[in-house]
Amino acid sequence: MRDNAVDWHNLMLRWEGLNDHGFNAASNIINIRRFQSDQRLLPDESAPPPPPSSEAADLQDECCKLQEVVNKMVVVVTKMERLMTSQRGIQDLEEFQFGPEGRKLPLFHSWSFKQFEQVSGLLLDSFRQELDLKKRILQEVAHTATPDLCIVFLSCWLQQPYLTPHCRLNLEALLLETGHRAL
Amino acid sequence: MSKPILLSLHQGLRKSFQSLENNQKVWESVLADCIPLMVSLGNLAEQSRALSNIQISNTPLRDFPDLEERLRFKLQLSTDTVLEKLNLNMSSLQSVRDSVTNQVSAVVQLYEQNADSLDLLTVTERSSTGPSVSDMLEWLVNAERHFRQQYLRRKTLLQTLRPDDLSLLESAPKRWKSLESPSAEDEIRDTLCKVHFFIESQ
């Protein structure tokens, strides 16, 4: 259980790092797109139809980067799911040993097994939803022409609307309960 | 008979300029910290504006539950954090202003109390290492006024901001920048150069 808490912490840290990388890639994509549409608007009679330019290659490049980030995020969430499974496994074992009510004394400070499960469940759900949002942004970000929508995509990526302050609090509570943070 | 008074006046001026020098450094570094905060404030306002301009239900994000509320909440939260940091910086600016004001008014008071016993020549006479007392008092008073005005203007700007008034938030970084007064800052730096030998001489 203690190790699980540490894993949660590390996975969330890793997610934040990935989020920063992804944000850079996403804003590059949007800048390139903006540049391209600006160029198209310029009156340019003499020039032949533009050949596949270096921007297109850059765009492809940045999209690949973003794809990579999202792939890594999928891995993070898969690991979180594994944590949840191990959590359930421990709980089943517990029920087998102590019956459906669980043990009388708390394992660490005050939480029952149920509370551990609730916290892990909440974290997992938040990250799953956030991951879905990221996947959608990945699909759409390079095909969007409206500047406002572009900003909203970036804003969603940066602000992570499904990871509420509640998640952070829960993680801290988990670390506190398992004694990783001093009382 | 004016000699001991002149000495204590010089001592007071020296202390004031030393404190002005330190406070000036603090002031500059706090203002430098405010710049990125102001930029994020403008960015957050831009994000909120973009969110208001689009209909989530007409976008590829339509199937995400309460996305708009959640995003708005997070934006609000970040805006609050930034404003809080700015307000903290304002209290640092305030303490700089207070310290300069106290120091300067003390030395001005000292002068006023003894003005009768100081003749015009003593007050206006300068030497090879030090400017005249009257010049130095004037510089101090000018510097003090600069900090007082700057603090008030910036504080007023921050106090008029409201998290729900996007246009105010959007224009805030620009207005913040327009409050800069490089000439006054230069003047203070200039003053500090001019009194350098005077501070060193004991």
Side-chain angles (χ1 to χ4, degrees), chain A residues 12 15-16 19-20 22-24 26-31 33-34 37 63 66 70 73 77 122-123 125-170, chain B residues 33-88 161-174:
Chain A
M12 281 168 77
W15 175 280
E16 287 307 320
N19 198 51
D20 290 346
F23 180 72
N24 288 338
S27 45
N28 286 342
I29 291 174
I30 282 176
N31 285 336
R33 289 280 301 165
R34 228 181 242 180
S37 58
C63 287
L66 193 61
V70 172
M73 284 177 156
V77 172
L122 187 126
L123 289 176
D125 283 347
S126 306
F127 276 94
R128 269 186 186 148
Q129 217 157 11
E130 194 62 43
L131 181 64
D132 284 343
L133 181 60
K134 305 269 192 223
K135 284 181 181 162
R136 179 63 53 88
I137 295 176
L138 170 68
Q139 285 166 5
E140 302 291 340
V141 74
H143 307 289
T144 305
T146 3
D148 280 329
L149 188 56
C150 287
I151 296 178
V152 171
F153 279 146
L154 281 185
S155 180
C156 278
W157 187 286
L158 188 67
Q159 304 290 342
Q160 317 212 69
Y162 290 104
L163 302 184
T164 56
H166 204 57
C167 291
R168 188 72 221 166
L169 266 181
N170 268 303
Chain B
D33 287 347
C34 288
I35 294 171
L37 291 173
M38 273 293 160
V39 173
S40 5
L41 202 62
N43 284 340
L44 286 165
E46 194 189 353
Q47 293 175 43
S48 302
R49 169 77 70 198
L51 183 59
S52 307
N53 284 347
I54 62 160
Q55 276 275 323
I56 292 274
S57 51
N58 294 335
T59 70
L61 298 172
R62 68 184 74 83
D63 10 315
F64 289 91
D66 349 306
L67 184 68
E68 188 175 345
E69 290 80 16
R70 281 169 179 272
L71 188 56
R72 217 171 267 293
F73 171 70
K74 283 287 240 188
L75 287 170
Q76 199 84 268
L77 202 68
S78 310
T79 310
D80 281 351
T81 319
V82 174
L83 284 176
E84 206 177 294
K85 284 186 191 154
L86 281 168
N87 277 322
L88 270 178
L161 293 182
R162 302 170 48 82
D164 49 353
D165 192 333
L166 282 183
S167 49
L168 274 181
L169 286 176
E170 277 167 330
S171 62
K174 232 188 184 155

Under 4.5 Å from a heavy atom of chain B, the part of A:Phe153 involved: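 For A:Phe153, the side chain is the part near chain B, not the backbone.
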Part of A:Leu154 within contact of chain B (heavy atom distance under 4.5 Å):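 Looking at A:Leu154, nothing touches chain B.
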Is there a side-chain contact between [X] and [Y], using heavy atoms and a 4.5 Å cut-off?
{"X": "B:Asp66", "Y": "A:Pro161", "result": "no"}
{"X": "A:Ile151", "Y": "B:Asn53", "result": "no"}
{"X": "A:Leu133", "Y": "B:Leu61", "result": "yes"}
{"X": "B:Leu51", "Y": "A:Ser155", "result": "no"}

What is the distance from atom [atom1] of [X] to atom [atom2] of [Y], rounded to the nearest 0.5 Å?
{"X": "A:Leu149", "Y": "B:Thr59", "atom1": "CG", "atom2": "OG1", "value": "5.5 Å"}
{"X": "B:Glu68", "Y": "A:Cys156", "atom1": "CD", "atom2": "SG", "value": "10.0 Å"}
{"X": "B:Arg70", "Y": "A:Glu130", "atom1": "CZ", "atom2": "CD", "value": "9.0 Å"}

Contact list for residues 77-86 of chain B, test side-chain hydrogen bond (donor to acceptor under 3.5 Å, both in side chains), sequence neighbours left out: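 Residue pairs with at least one partner in residues 77-86 of chain B: A:Gln159-B:Ser78.
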Under 4.5 Å from any heavy atom of chain A - which part of B:Glu69: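 Neither the backbone nor the side chain of B:Glu69 comes within 4.5 Å of chain A.
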Interface moiety of B:Leu67 toward chain A, non-hydrogen atoms closer than 4.5 Å: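 B:Leu67 touches chain A through backbone and side-chain heavy atoms alike.
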Where B:Pro65 and A:Tyr162 come nearest, the two heavy atoms and their spacing: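 Nearest pair, atom of B:Pro65 first, then A:Tyr162: O-OH, 2.6 Å.
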Which atom of B:Pro60 lies closest to which atom of A:Arg136, heavy atoms considered: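 Residues B:Pro60 and A:Arg136, closest heavy atoms: O-NH1, 2.6 Å.
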Greatest number of heavy atom pairs closer than 4.5 Å to chain A - which of B:Leu71, B:Ile54, B:Leu75: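 Max contact count across the listed options: B:Leu71.
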A:Leu158 backbone acceptor or donor facing B:Lys74 side chain under 3.5 Å: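 Pair absent, no side-chain N/O of B:Lys74 close to backbone of A:Leu158.
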Within residues 143-165 of chain A or reaching into it, pairs that qualify as salt bridge (charged side-chain N to carboxylate O under 4.0 Å, His left out) - sequence neighbours excluded: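 Counting only pairs at least two positions apart or across chains, no salt bridge (charged side-chain N to carboxylate O under 4.0 Å, His left out) contact touches residues 143-165 of chain A.
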